[in-house]
Amino acid sequence: AERGLDYWALGHVHTRAVIPLEGGAVAVYPGNPQGRHVLEPGPRGCALVEVRAGRPEVRWADLETVRWHALSLDVAEVESVEEVGELVLERVQQLSAAEGVEAHAARIALTGRGPVHAELARPEALEQLEEVSRERLAALQPPWALEALRDQTAPELDLAALGAGGGLVGEILEQAGVPAALREIWAEEDL
């Protein structure tokens, strides 16, 4: 701003950003033209900047051929591993409409507390789901590459039953001052 610049082109940082400066100027990080891994998700490309009468106008042009995604998929209401596979397919199909992208790549984290957690915890269940999902996603147009499928689910938690069961857990809940009515609400809300 002190130098009287209208536009300051910056680099190195791989994330798009426009930083307003005093007097209407901007500093722009265009990001990188192609995401290289899952930690560089979303649209990638360049910034097109026009300065008219000392006022910069920034437009983004997407250039990548492969778009990376880091997806979190809540499977709390899902009953089976097969249903998880259908949910994965449905979610990526919703995201497949990105124009100009020739392919997608994703890391998908399965989250939530629910009945499918026990099934996913079985030996080889997640590995089999990942293998089937890889094949199904690769067959889509545009194709998807599944970088990883991660199980971050948790078992269903019935706080009322845990408290009523006594023992150390029951004592901790009691000492924490969690009233029985509140524990029932938590259990209903699946917190």
Checking [X] side chain against [Y] main chain: does a donor-acceptor pair fall under 3.5 Å?
X	Y	value
His37	Leu39	yes
Glu64	Gly45	no
Trp144	Ala105	no
Arg113	Pro155	yes

Item to check | Option from Val81, Thr111, Leu87 for which side-chain contact (heavy atoms from CB on, under 4.5 Å) with Val75 holds | outcome: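 By the side-chain contact (heavy atoms from CB on, under 4.5 Å) criterion, Val75 pairs with just one of Val81, Thr111, Leu87: Leu87.
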
Checklist entry - If you measure from CZ on Arg122 to CG on Leu129, what distance do you get to the nearest 0.5 Å? => result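 Arg122 atom CZ to Leu129 atom CG measures 10.5 Å (nearest 0.5 Å).
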
Checklist entry - Just how far is it from atom SG of Cys46 to atom CG of Asn32, taken to the nearest 0.5 Å? => result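 Going from SG on Cys46 over to CG on Asn32, the span is 11.5 Å.
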
Next on the checklist: Taking Asp6 first and then Arg52, would you say they form a salt bridge - that is, a charged N and a carboxylate O separated by under 4.0 Å?
Outcome noted: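 Result for this pair is no, no salt bridge flagged.
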
Item to check | Note: Glu86-Arg136 ion pair, threshold 4.0 Å (strictly below) | outcome: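 Salt bridge: yes.
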
Checklist entry - Can you list the residues that meet the salt bridge (Lys or Arg N to Asp or Glu O under 4.0 Å) rule with Glu147, with sequence neighbours excluded? => result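 In terms of salt bridge (Lys or Arg N to Asp or Glu O under 4.0 Å), with neighbours along the sequence ignored, Glu147 is linked to Arg107.
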
Next on the checklist: Atom CD of residue position Glu22 - does it have more than 12 heavy atoms of other residues, nucleotides or ligands inside 6.0 Å?
Outcome noted: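 Atom CD in Glu22 is not packed in, count stays at 12 or less.
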
Item to check | ring pair (Phe, Tyr, Trp, His ring centres under 6.0 Å) involving His117 - partner list, sequence neighbours excluded | outcome: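 For His117 there are no ring pair (Phe, Tyr, Trp, His ring centres under 6.0 Å) partners, ignoring immediate neighbours.
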
Checklist entry - Other hydrophobic cluster members with Val58, side-chain heavy atoms of Ile/Leu/Val/Met/Phe/Trp/Tyr under 4.5 Å, chained? => result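 Tyr7, Val18, Val26, Val28, Val49, Val51, Trp60, all in the cluster of Val58.
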
Item to check | Working for salt bridge (Lys or Arg N to Asp or Glu O under 4.0 Å), residues Arg16 and Asp62 | outcome: CA-CA 11 Å; Arg16 291 179 175 179; Asp62 295 338; 2.7 Å; yes

